[in-house]
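The block underneath contains the structure these notes are about, expressed in structure tokens.
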Amino acid sequence: MSEPSLLVLWPFLAAVMAAVNVRGATVWGGIGTLGTAVFAVSLAVSVHATGPELIFIGGWVTPLGIALRADGLAAVMVCMTAAVGVAVSVQAAATWGLATTADEPAERARQRRGFWPLWLCTLSALNALYLSGDLFNLYVTFEILGLAAVGLTALRGTDEALRAAFDYLVAGLAGSLLLLLGIALAYAAIGRVDLGSVALLNDTGAGRVAIGMVLAGIALKAALFPLHFWMPAAHSNAVPVSSAILSALVVKGALYLVLRLILDGGFDTGPLRWGFAALGAAGMFWGSLSALRATQLKLLVAHSTVAQIGLITLAISVSGDPLTSLAWQAAALLMVSHALAKSAMFLAVGRIKEKAGHDTIAELNQATLNPGAAGFAFAIAAISLIGLPPTAGFLGKWTLITGLIGQGQGAWIFVAVVLMGSALSIAYLWRVISCFMKAPPDGATAAPRVPWQAGDMAAVALALAALLLGVFAAAPLALLNGPLL
Amino acid sequence: MPDLIYHGVGAGLVGMALYRAATCADLLTRILALNVLAVGIAAVLVAAAYRGSDVPPDAVPHAFVLTGIVVLVAVTAALLALAERLERDGDAGRDNADE
Amino acid sequence: MMTVFDVMLAATILWTAWTALTAPDRTAAIAAFLVFGLFVGLSWVRLGAPDVAMAEAAIGSGLTGALLLRASRGMTPPAPTRVTAPHRAAAVITAAGVAGVLAWAVLVLPEAAVVYDPLVDANIGDSGVSNPVTAVLLNFRAWDTLLELVVLLAALLLVAALRPIRAARMADLGPLYPPFLRIMAPLSIFLSAHLLWLGTSDPGGAFQAGAVLCGGLLALFFGGTLKTDGPDVMPLWALAVMGVVVFVGAGLLAEALTGTLLEYPDGADKAWILTIESALTLSIGATLLLLFSGLRQGGARP
Amino acid sequence: MTLLELFGYACLCGGAAFLLLAALGLWRFSDLYARLHALTKADTAGVALVALGAGCLDGRLVAIIPLGLTAILVAVSGATTGHLIASAALGEDEGEDENEEAAQP
């Protein structure tokens with residue numbers, strides 16, 4: 001059994017078992033997530049050792065059949081998903097408990113029964129997306145991802161969550177249909193839809209329109225700046241564990257496809273790339289400004305996702321030809337560091353809201369944040385988002401800026417934009433961290449320091465992983481330096 | 001010749017659906033607009049697969065459209081389940097008691 | 001002569017679509033959508049795609065129409081949306097822009113780029129079936145079909161995870177329904193099996209057969225003989241899950257035997273495809289029924 | 001033009017006439033029950049005549065059996081649906097409160 005097929009089918013079978021055997025849902029969730037993590041690591045090792053794998057499903061060669069491509073970039077993304085997945089599963093098991101207890105409210109039982117199958121479906125859809133080498137196959141994986149993510153959003157059950165989930169599904173379906181329209185035009189123009197032939201699209205008029213439609217659809221699904229209207233509501237109204245999955249992992253699928261299209265020579269025409277870079281920069285500013293204005297903590301973190309997506313899109317669109325410049329690796333590193341940091345942040349915010357009972361930033365102070373584990377995890381994740389030296393975020397921004405400098409005079413504007421983006425992210429994150437250190441208003445004596453609980457371990461672990469990834473960056477960089485398929 | 005006509009039908013359906021999706025707030029009409037948009041795209045695909053009246057058309061886009069139809073009915077069922085819970089008039093929208 | 005027919009059909013499709021989108025009354029809009037789906041199916045028969053026409057008529061307009069009608073019954077009447085002039089103008093511009101670009105892209109097309117046709121004709125011999133669409137769905141691009149069934153299951157998981165709402169009590173259907181049921185239910189099961197077997201050589205296959213089977217199951221559901229609440233949902237739930245599990249199991253077993261995922265052992269292609277297709281037919285019928293009945297109790301009770 | 005073909009074309013025209021009349025009835029009649037009356041004629045007589053005509057023209061058994069099956073099916077489901085719609089509409093018109101409240105949650 002090769003890893004790529006197991007990476008997709010193992011979590012899906014675990015999801016089916018979790019759906020049928022409701023009493024043991026958490027156990028099946030653990031089996032599915034841990035199994036996928038093992039397969040992800042073994043895939044990364046085999047790709048690093050023996051180079052990228054190309055599997056023709058059913059034995060049919062590419063134009064007719066579908067190819068699964070397991071190269072360095074895919075291995076890094078699959079390992080990222082597995083790492084965040086394990087931590088999120090630990091947090092989910094902590095919040096909803098291991099098994100059905102007699103006296104628990106119906107709402108909690110419904111959320112646990114619904115979470116595990118949907119999470120494992122998301123995991124299998126993400127792995128299928130990272131490994132797929134065919135555009136129509138990517139459309140189908142996007143649909144699975146969209147449905148499972150909407151299920152996670154609607155898990156909370158309140159009317160706002162259902163309204164956010166409905167808007168999320170409508171935007172996701174519209175994005176997928178634009179992608180399908182692009183695929184239809186690509187088929188009409190060049191007669192084939194596999195990713196390897198995407199470069200042929202630049203020659204014909206219909207091909208360029210097809211690329212435009214595909215990019216519009218992906219931009220809608222990735223919540224890129226003008227089309228991000230549905231995202232803050234969905235990510236802030238969901239259950240904390242779901243928000244971590246949505247913000248850190250689900251959005252990466254669409255961003256990964258944009259990067260893959262560029263690497264396959266999808267759109268080398270200048271104006272489209274600079275247009276995308278401008279959208280990314282605008283998204284960064286808009287996200288940061290909205291985060292500065294946000295009063296609720298979850299909404300602030302959701303808007304910071306919009307800003308980070310803008311930064312990643314900027315890194316993707318200026319990444320140039322994979323043979324000449326290494327700037328595309330910056331985009332991959334930024335995606336990985338954002339995934340680790342953002343999931344840590346959302347889990348920490350969930351814990352803060354659980355302990356303090358509310359998440360309005362102004363009313364947070366030292367007394368409400370006792371013990372400080374969640375605040376600690378939030379601060380470390382903030383450092384990685386800002387991009388200070390030891391963290392993976394710094395590594396991504398550093399590679400991006402060195403790549404940009406090498407590209408001639410036009411790129412200086414974007415270097416300035418990246419630095420301004422970092423400054424803005426310092427501004428809106430410091431707003432929160434300063435509240436953590438604020439003394440309680442009525443001068444009440446600080447409550448005794450309560451030891452850290454099990455629920456905080458997932459957030460702290462993810463934050464430290466984001467911190468240490470900068471130090472131990474040899475592994476992802478080695479994978480990224482490998483040949484691309 | 002017929003595929004040009006049905007290409008035009010596909011383009012018309014896509015335009016109509018996008019217009020209605022943008023200008024109506026009613027949940028059910030938005031779901032109908034997305035369904036019409038998907039059928040319009042499927043019409044473009046089937047028209048692109050046409051190879052003339054005597055040569056059999058290409059089977060791969062037909063498989064795409066078949067897959068697209070089944071995916072569409074799944075997403076529509078999910079959308080309707082959400083819309084039903086949002087738009088339920090008054091009576092038992094929120095009673096978890098009878099779980 | 002046929003061009004006149006095509007132009008009339010095209011005009012009817014566009015007109016019914018416009019009615020479906022702008023009808024003030026919900027039931028009228030859904031009825032127009034149903035008719036629109038049937039006419040589009042007719043246009044696809046004209047373009048030489050009978051498989052897809054059958055699927056569009058059965059699933060695209062029939063089942064979707066039934067889902068829409070059931071959902072619209074419990075909804076509040078639609079409030080007329082007041083749209084300001086600039087908003088409407090912007091919508092018209094973007095919609096006309098996308099449609100115009102699409103029409104231009106299609107008209108400026110070079111003659112059709114033929115890539116898949118020779119490949120399908122060359123490989124259909126050892127794909128085990130002679131109907132090219134079934135060969136593509138179940139053999140050449142079996143990975144797409146497998147993930148598509150995962151989509152169906154993901155939709156079911158989503159509906160199961162939502163908070164429960166009160167089941168709308170089915171009205172009594174009067175004395176004429178039971179004899180109608182005695183004709184329709186066995187006939188739909190027989191027709192579904194026939195469509196499944198036909199799918200290997202002529203238009204038909206697992207999806208059309210699954211839709212027809214779902215029609216029969218719905219007739220039983222309305223007649224009250226088939227219930228989907230409480231413990232009765234378990235057999236349907238297992239049937240819905242069974243299809244994809246059989247497909248995944250067959251894919252992994254094929255990989256164990258031949259070393260590549262979903263590569264059926266040589267010579268036994270038809271047998272493998274038929275077993276997978278029959279499991280899919282039962283699973284699609286059960287899944288679509290559960291999606292229709294909405295798992296009123298909010299998920300499977302073990 | 002053999003006699004069978006002539007008869008086939010005649011049946012086709014008759015069927016088409018029935019369908020046209022039913023559509024006209026649907027459009028012109030004001031009352032629901034009158035419209036139902038017109039529609040069920042289309043289902044039973046119109047489709048049966050068209051199927052008979054097509055069967056005569058085609059002549060092969062492999063075409064006649066599906067056509068016959070279709071005609072019977074459409075007739076049965078058309079009649080039952082007509083009955084269901086009529087009884088539902090009748091229930092609403094007479095405003096039987098307990099049936100009304102029971103049927104509509």
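Residue numbers start from 1 in every chain, and the chains themselves are labelled A, B, ... in the order their sequence lines are given, proteins ahead of strands. Given the structure is predicted, the values throughout are model-derived calculations rather than measurements.
Looking at Leu9(C) and Val9(B), their side chains never come closer than 4.5 Å, going by heavy atoms from C-beta outward. Counting heavy atoms from C-beta outward, Thr94(C) and Leu18(B) have side chains that stay 4.5 Å or more apart. With a 4.5 Å cut-off on side-chain heavy atoms, Gln208(C) and Leu66(B) count as touching. By the 4.5 Å heavy-atom criterion applied to side chains, Leu147(C) and Thr67(B) are not counted as neighbours.
Both the backbone and the side chain of Leu82(B) come within contact range of chain C, with heavy atoms under 4.5 Å apart. Only the side chain of Val40(C) comes within less than 4.5 Å of a heavy atom in chain B; its backbone stays farther off. If you measure heavy-atom distances from Thr76(B) to chain C, the contacts under 4.5 Å come from the side chain alone. For Tyr19(B), the parts lying under 4.5 angstrom from a heavy atom of chain C are both the backbone and the side chain. For a residue to count as touching a neighbouring chain, one of its non-hydrogen atoms must lie under 4.5 Å from one of that chain's; by this rule Val55(B) does not touch chain C. Looking at Leu72(B), there are no atoms closer than 4.5 Å to chain C (heavy atoms on both sides), in backbone or side chain. For a residue to count as touching a neighbouring chain, one of its non-hydrogen atoms must lie under 4.5 Å from one of that chain's; by this rule Ala21(B) does not touch chain C.
Nearest approach of Val71(B) to Glu148(C), heavy atoms of both residues: CG2-CG, 4.1 Å. Contact record, Ala22(B) with Ala91(C): CB-CB, 3.7 Å, taken as the closest heavy-atom pair. Closest heavy-atom contact between His62(B) and Gly48(C): CE1-O, 3.6 Å. Of all the heavy atoms in Leu102(C) and Ala11(B), the pair that sits closest is CD2-CA, 3.7 Å.
Heavy-atom pairs under 4.5 Å with chain B peak, among Leu67(C), Thr145(C), Ile30(C), at Leu67(C). Of the residues considered (Gly210(C), Ala71(C), Ala103(C), Gly97(C)), Ala71(C) shows the highest number of contacts with chain B, using heavy-atom pairs under 4.5 Å. Ranked by non-hydrogen atom pairs under 4.5 Å with chain C, the options Val65(B), Ile31(B), Ile5(B), Leu79(B) are led by Ile5(B). Ranking Asp26(B), Leu32(B), Asp58(B) against chain C, the residue ahead of the rest is Asp58(B), based on heavy-atom pairs under 4.5 Å. Of the listed residues Ala43(B), Ala33(B), Ser53(B), the one with more heavy-atom pairs under 4.5 angstrom with chain C than any other is Ala43(B). Taking chain B as the reference chain and counting heavy-atom pairs below 4.5 Å, the highest number among His87(C), Met54(C), Arg46(C), Arg26(C) is found for Arg26(C). Of the listed residues Val44(B), Val36(B), Val14(B), the one with more heavy-atom pairs under 4.5 angstrom with chain C than any other is Val36(B). In terms of heavy-atom pairs under 4.5 angstrom with chain B, the leader among Asp121(C), Val136(C), Asp6(C) is Asp6(C). Each of Asp51(C), Asp117(C), Asn131(C) has some count of heavy-atom pairs under 4.5 Å with chain B, and the biggest count is that of Asp117(C). Most heavy-atom pairs under 4.5 Å with chain C, from the set Leu27(B), Leu13(B), Val75(B): that is Leu13(B). The greatest number of non-hydrogen atom pairs below 4.5 Å with chain B, out of Thr134(C), Leu47(C), Val151(C), is found for Leu47(C).
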Could you walk me through whether Val52(C) and Ile69(B) pass the side-chain contact (heavy atoms from CB on, under 4.5 Å) test, one step at a time? CA-CA 9 Å; Val52(C) 190; Ile69(B) 288 172; 4.2 Å; yes

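Between Phe64(B) and Tyr116(C), the angle of the ring planes goes over 60°, which puts this pair in the perpendicular group of the 30/60° scheme.
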